[in-house]
Each structure stands twice: as structure tokens, then as C-alpha cells.
K.L.:
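Take this structure first; my questions come after.
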Amino acid sequence: MTLEIYIFKLPLILKLYGRTMKNRVFINELKPNIGKKVTVGGWVHNIRDQGKLNFVLLRDRTGIVQIVTDDTTVRSNDLRNETVIFATGTVIEDERAENGIEIRLEAVEVLSRPVKPLPILVNDKADYQKLELETILNNRVLSLRNPRRNKIFKLQASIIDCFRTFFREKGFTEITTPKIIATGTEGGTQLFTVDYFDKLAFLAQSPQFYKQMLVGAGYERVFEVGHVYRAEEHNTSRHLNEYVSLDYEMGFIDDENDVMDMEEEFIKYLFEEINRRHGDILTTYGQNLPIPEKIPRIPVKESCEILEKEYNKVTKGYDLDPEGEKLICDWAKKNYNTELLFLTEYPKNKRPVYTMPLETNPDFTRSFDLLFRGLEITTGGQRIHDYNMLVEAFKSRRLNVEDFNYYLDTFAYGMPPHGGLAIGLERITQQILGLSNIREASIFPRDRNRLTP
RNA sequence: GGGGGCGUGGCGAAGCUGGUUAUCGCGCCGGCCUGUCAAGCCGGAGGCCGCGGGUUCAAGUCCCGUCGCUCCCGCCA
């Protein structure tokens, strides 16, 4: 015991010699270094002052470790929460430490100190303390330091990664299309306007037209991870004015079922990977992510009949409202044991102009939505590839064909049957983790009122 | 665009039918403690109850307006 005190008093005068980024050890790599002297770097997560004995929890991007030191070290370096330090010491296996491992501090170097009081708690206590969404977002950088919240975007990064990997392997080419555009792509939704030199331009609400044009350009299969913009003044827990759309478009399909088959396979791959890579995050959020067997495909018309029969809910116009979407997911869970459900064959007047109508009943279309835990996360379908049919469709919606020649010409020179879809990145993140507001799934959300941070 | 709810120290909340110095937890500052782990104990600072107006002897509390936030609908991913 006395020896231990003696060792603790020594280290302050020791210099951190030879310390560079190259020999910094990450906290999740400490196990193999038991008995060795290492340097870890990070933020002070918490200090438990035990009198002479002090416990400093240090957090880096890989985890948290307990550093054992004395009171004079903490005081002389004025260590406080969120101070950025390098800490050098010996890795000790000790069952009294939370992960069975701790570092006995020998030297500390302060890299940066907080100069203002922390407006919110970063450390574990924050998990027990509710923060209002506005507080979380107003203090975005600090709130993201909380490991639990930080993990949301590690998972989101994996979704993007899986999307790219999966579709690249399926022969899709990644594209990047302009977000400043001359005309609205689909009409209906409000577009943000851009002052484009002496012209009026818009922010793209979707990469739809460009995806199709590039299918026609001979790539056949394309995908994009890109921002889209919607100027709707909606203010709900599932809408953003800027979000990330995971899009793909594929040529030479038989019908929209090929597009759904592809998404189904992707979802299985994605969920397997999320389970494999982020089991801990799912546990933290109290979520399971079962791999779907087969995702049922139910025509909207049929879903309305089910809602009427099973839930006594009347739907007008064959388009489910949010409550209807929750109920039909509830029904699918009971009858098919699935949290995912394709609703198909939406009525023509609910779908964009380029959607392929059903031959058997032209009032309905070869389109679909994918619902996940009661929320729409995908819209897709087969597109019209016949030039004359498409021009007629534009005319029937009183769209000025001249304005869209840049797009329509794609179909004038030979275009394969094709279809595609878009997945809302923030929405699928929200649903996987069970987040109550989509803004928590957007790293810097843009909504009706928020332009900063 | 329509409807509901909420604004109380840095954070999260309590404050019943209006009634002395506005309460609690966390955080913050200082002190004590050699195994804490949502550490503990002792002491302290910090709020004109979003803002403006009104009712009243008296307003955090009631009324009106206003701003902000939030949720739902429409629309969508």
C-alpha cells in the first residue's frame, strides 16, 4: 500500500517522451497490452474523487477506460470533465475496474481544456437524464460526445457502407447527380428556390430524372447516396427539409417485383450486417433486428379492405394515412410475423407522372412503398420507358413537355424497361433504433426552423 | 396550411382550487474520504418563473396577445 502511494507521487516530473500518434493506443486495444506502459488519448469522461485516490474515466472513439491516479495529479493538472489529455501509464488487470482493466497513471499531458462551463452532461449520467430534443440539437457537438448518442451515426455510416457495398457487387454504378436543377422533377412537393446567377433554379427533391437518364446512358444499373431537399412546411417527428436519399434504378426488369426483390435482398444483407457490426448499439437502444424471411407484398386496395375488416378503419382514396400504416404493420406482424411490408399497386393519382400503370387497370400503378415498423421508408416502382406513353403522361398532368425535353429525350432513343426506389436514410436509422424523432437520426438536421448548427 | 401540448437557475422536472424568503434531482464551486463505478458526506453560488399587457389587496399560478419549442393531420422518404 505504501509503495503504491509512493509510485503515485513520483510521476508528475516524468516527461511524455517519444509520444506520437503512432504509439497512441486505443482504449479497445488495451487487453493485449496488460502489464505494458501505454499512452492513451481522449476526453476526461468523469472523475471520481476518492480523496487521495482518484479515478479518471477517459473516453476515446473506441471506448472508455478507468485511469487510477492521485489527488495531486488531478489538481495540479486541473483535470475536469471534457479536458483533452494524453495519459501514460501501465495497463493493469484488476477486477475492481469496470472492464477488468485499468491504467495506473504515470504521466499526463493536457492538450486542451474547456473554457466555458458545459451546458449539458456528456458522461454516463446523461443516459439517466432526459434532454429535450432542442437542447440536444442546440449543443450538437457535445451531445454527440455521449457514447450512446454517438453510436447512432456509427450505425448510420454502416447503413451507407452496406448500401454501397451491396449495390456495387450487384453491378450498379455509383453516380452523383446535380442538386441544383432547372425544373421540378415530380411536381407536387414544394421546392427550394436558388438564385442561380440570372436564372431561377431549384434544389432537387430527388435524383429521379438523372437516375433514369443514366440507366439510359448505358449504365443499366445505378445508385446514389445523396441529399434531397423538400420545402414543405411540415413539422413532424418523421420529416426533414434536407435528408439523405439512398436511391437505385435498374434496367431490363420484368416488372416492379424485380425492384422489390432487390430491396428485399438488400434489407436482409443490411440487417445481418447491422446485427454483426452493431449488436451493442441495438442492445443499448433496446432493439432487436430480426432478419426478414420474405417480405409480404400486398396491394394497397387489399390493405384498405383489411383495415376496414380487422380494425374498422375506413380509408379513402386507397392511400393509407400514418395511422393506417401503423395498423397494417400491426396486422402484418400478427399474420406474417414481419416488421416489413410492401404495399403495392398504388392508385395512379397518388403517384408521380413517370410511374408505370397496370395494364389490367390503368387507374393503378406498378408502384410500391416499403413500411418498416409502421413507417414508410421506401417509395419505388416501375417507370414508363415508352417515349410516347411518357409524353402523354406529362401532357395529361398539364406539364410543359418542352421544359422536360432534357429528360424525355432519354426515352426517344431506346430505353429498357426499368424501375427503382429511394430509401430514406434517416428514417431507416430512426426505425432500426426506435428513435422517437427523426431529427435524432440526422447529424445536423434541417427543419422548418432550424438552420444551425 | 389546420389542430393539440409546453416554456420555472446550466440540464431535467415539482409548484393542487392565486397568498410569506419559488422546491427537488443532476451539474457547477469549495471542503472531507485510498477502490469508486449514476460514488458518498458537508458547505456554497446561481432564477425578477419566455416576453408584453390585463384582472386582483396579491400572479409562476387566472385572462389576452406575442415569440419560441414540441406533437398530430395534410404531404412525403
Side-chain angles (χ1 to χ4, degrees), chain A residues 1-2 4-5 8 45-57 64-71 75 80-82 92 94-100 102 104 114 116-139 142-143 186-190 205-206 208 226-247 317 319-325 346 350-352 369-372 375-380 421-431 436-439 441-442 447-450:
Chain A
M1 290 296 257
T2 30
E4 218 170 291
I5 294 169
F8 281 152
H45 190 66
N46 199 9
I47 299 170
R48 299 200 188 102
D49 183 350
Q50 194 64 191
K52 297 264 182 301
L53 186 66
N54 277 220
F55 299 98
V56 175
L57 298 188
I64 294 171
V65 67
Q66 171 166 291
I67 293 170
V68 187
T69 181
D70 60 15
D71 57 337
R75 278 167 202 240
R80 288 159 198 273
N81 286 355
E82 302 310 310
I92 301 290
D94 192 321
E95 60 185 14
R96 292 174 298 183
E98 199 164 329
N99 299 319
E102 63 188 23
R104 303 289 167 85
K116 288 158 87 175
L118 301 174
I120 59 171
L121 273 66
V122 171
N123 59 28
D124 281 337
K125 273 188 181 166
D127 288 351
Y128 297 85
Q129 257 188 309
K130 209 182 132 222
L131 292 179
E132 293 221 342
L133 184 61
E134 196 194 0
T135 309
I136 292 171
L137 297 178
N138 284 345
N139 299 283
L142 270 184
S143 67
E186 303 176 30
T189 195
Q190 302 267 31
Q205 66 167 114
S206 110
Q208 184 59 37
H227 286 85
V228 293
Y229 304 87
R230 310 247 164 130
E232 296 287 343
E233 294 195 27
H234 37 44
N235 194 6
T236 78
S237 57
R238 62 182 188 283
H239 286 96
L240 294 165
N241 293 295
E242 176 179 34
Y243 69 92
V244 175
S245 184
L246 308 175
D247 271 88
D319 192 22
L320 304 196
D321 59 19
E323 191 200 5
E325 291 180 344
Y346 276 80
K350 297 286 177 190
R351 289 305 206 177
D369 279 5
L370 178 63
L371 305 187
F372 176 36
L375 183 68
E376 188 180 323
I377 59 164
T378 283
T379 290
L421 57 73
I423 303 169
L425 174 65
E426 293 85 352
R427 279 201 179 175
I428 196 170
T429 308
Q430 179 186 13
Q431 293 307 90
S436 59
N437 193 307
I438 196 167
R439 282 161 247 214
S442 176
D447 62 33
R448 176 66 186 81
N449 301 309
R450 184 173 291 277

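Worth knowing before you read on, the calculation uses all heavy atoms, side chains too, and leaves out hydrogens, waters and symmetry mates. By convention in this document, chain letters (A, B, ...) are assigned in the order of the sequence lines, proteins followed by strands, and residues within each chain are numbered from 1.
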K.L.:
Taking only the side-chain nitrogens and oxygens of A:R439, find out if one of them lies under 4.0 Å from OP1 or OP2 of B:C71.
P.N.:
yes
K.L.:
Measure from the side-chain heavy atoms of A:E134 and tell me the nearest of B:C69, B:G35, B:C71.
P.N.:
B:C69
K.L.:
Taking the nucleotide of RNA chain B with the closest heavy atom to each, which residue, A:A422 or A:D321, is nearer the 5' end?
P.N.:
A:D321
K.L.:
Taking the side chain from A:S143 and the backbone from A:I136, do they hold a donor-acceptor pair closer than 3.5 Å?
P.N.:
yes
K.L.:
Select base, sugar-phosphate, or nothing to describe what A:N46 touches, counting heavy atoms under 4.0 Å on all strands.
P.N.:
sugar-phosphate
K.L.:
How close or far is atom C1' of B:C75 from atom OH of A:Y346, stated in whole angstroms?
P.N.:
13 Å
K.L.:
Do A:H239 and B:C75 have a side chain to base donor-acceptor pair shorter than 3.5 Å?
P.N.:
yes
K.L.:
Exactly one of A:R230, A:E426, A:H227 should register a side chain to side chain donor-acceptor pair (under 3.5 Å) with A:Y243. Which one does?
P.N.:
A:R230
K.L.:
Regarding A:N54 and A:D71, do their side chains bring together a donor and an acceptor under 3.5 Å, going by distance alone?
P.N.:
no
K.L.:
Across the strands shown, which category fits A:E98 at heavy-atom distances under 4.0 angstrom: base, sugar-phosphate, nothing?
P.N.:
base
K.L.:
Counting any heavy atom closer than 4.0 Å, what does A:E95 reach on the DNA or RNA strands: base, sugar-phosphate only, or nothing?
P.N.:
nothing
K.L.:
Side-chain N or O of A:K130 versus OP1/OP2 of B:A13: is the shortest distance under 4.0 Å?
P.N.:
yes
K.L.:
For B:C69 and A:N449 - does any side-chain N or O of the residue sit under 4.0 Å from the phosphate oxygens OP1/OP2?
P.N.:
yes
K.L.:
Using a heavy-atom cut-off of under 4.0 Å over every strand shown, decide if A:D49 touches base, sugar-phosphate, or nothing.
P.N.:
base
K.L.:
Would you tell me whether A:Y346 and A:D319 have side-chain atoms, one donor and one acceptor, within less than 3.5 Å of each other?
P.N.:
no
K.L.:
Could you check whether any side-chain N or O of A:Q431 sits under 3.5 Å from a backbone N or O of A:E376, counting only pairs where one atom can act as donor and the other as acceptor?
P.N.:
no
K.L.:
Does the ring of A:F55 meet both stacking tests against the six-membered base ring of B:G35: centre distance under 5.5 Å and plane angle under 30°?
P.N.:
no
K.L.:
Within the structure shown, what part of the strands sits under 4.0 Å from A:L246 by heavy-atom distance: base, sugar-phosphate, or nothing?
P.N.:
nothing
K.L.:
Looking for any heavy atom pair under 4.0 Å, which part of the strands does A:T236 touch: base, sugar-phosphate only, or nothing?
P.N.:
base
K.L.:
So, does A:S206 get its side chain near the phosphate of B:A77, meaning an N or O under 4.0 Å from OP1 or OP2?
P.N.:
no
K.L.:
Polar atoms only, N or O, under 3.5 Å: list the protein pairs with nucleotides 4-10 of chain B and their distances.
P.N.:
| residue | atom | partner | partner atom | Å |
| --- | --- | --- | --- | --- |
| B:G10 | O2' | A:P119 | O | 2.5 |

K.L.:
Less than 4.0 angstrom between a side-chain N/O of A:S237 and OP1 or OP2 of B:U70, yes or no?
P.N.:
no
K.L.:
Between A:R75 and A:E233, just flag the one whose closest nucleotide in RNA chain B comes earlier from the 5' side.
P.N.:
A:E233
K.L.:
Among the candidates B:C75, B:G35, B:C11, find the nucleotide nearest to the side-chain atoms of A:V68.
P.N.:
B:G35
K.L.:
For the side chain of A:R238 and the base of B:C72, is some donor closer than 3.5 Å to an acceptor across the two?
P.N.:
no
K.L.:
Ignoring backbone atoms, test whether A:T379 places a side-chain nitrogen or oxygen under 4.0 Å from the OP1 or OP2 oxygen of B:A77.
P.N.:
yes
